[in-house]
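Keep in mind the model is a prediction, meaning the values are calculated, not measured. Numbering of residues begins at 1 and proceeds along the displayed sequence.
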Amino acid sequence: FQRVAMLAAGVLFLIAALHGPRGSATRGLYAVLTAGAAGAGAFIAGRHVWLQSLPADQVPACGPSLDYLMDIMPLAEVLSTVLRGDGNCAVIDAAWLGISLPGWTLIAFVGMALFALAVPVLARARFD
């Protein structure tokens, strides 16, 4: 789900850059949509970081794969199950400078959201 949110934010940034809106309303719309995608990603990444920080005895039990869940459950239940997490989410597979990969994606999502919200303000100051 973090990958989907990253893709959504990236595509929205690309569309906004290619469109090059001149009006404040259009720039604001792109900013809100992109910040929303980045905010959703930050929520998911934050939840992942939280799961990784739990003590071993509090980590949720391992569950079935995402493919299996998608086959047997409606999407709303799959989302709920995935966000609750399982034992695999608590495993830190990679870290750089002491921060796990979900930690870095959380930082990236927050940065993207702040950038998306700052662009219309900076553009208004430059063009108005």
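Applying the side-chain contact (heavy atoms from CB on, under 4.5 Å) test to Leu75 and every residue at least two apart in sequence or in another chain returns Met70, Leu79. Scanning for side-chain contact (heavy atoms from CB on, under 4.5 Å) contacts around Ile15 gives Val11, Tyr30, with sequence neighbours left out. A search for side-chain contact (heavy atoms from CB on, under 4.5 Å) contacts involving Leu29 returns Leu33, not counting sequence neighbours.
For the pair Ala5 and Gly41, the tightest heavy-atom approach, listed with the atom from each and the gap, is CB-CA, 3.5 Å. Here the shortest heavy-atom pairing between Ala45 and Pro102 reads CB-O, 3.8 Å.
Taking Ile, Leu, Val, Met, Phe, Trp and Tyr as members and joining any whose side-chain heavy atoms lie under 4.5 Å apart, directly or through other members, Val32 forms no hydrophobic cluster with any other residue.
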What side-chain donor-acceptor pairs closer than 3.5 Å can you find for residues 109-117, not counting sequence neighbours?
none

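Pairs passing the side chain to side chain donor-acceptor pair (under 3.5 Å) check and including a residue from residues 105-117, sequence neighbours excluded, read Gln2-Thr105.
With rounding to the nearest 0.5 angstrom, the NE2 atom of His48 is 8.5 Å from the CG atom of Leu101.
Residues Leu106 and Met6 fall into different hydrophobic clusters, defined by Ile, Leu, Val, Met, Phe, Trp and Tyr side chains chained together at heavy-atom separations under 4.5 Å.
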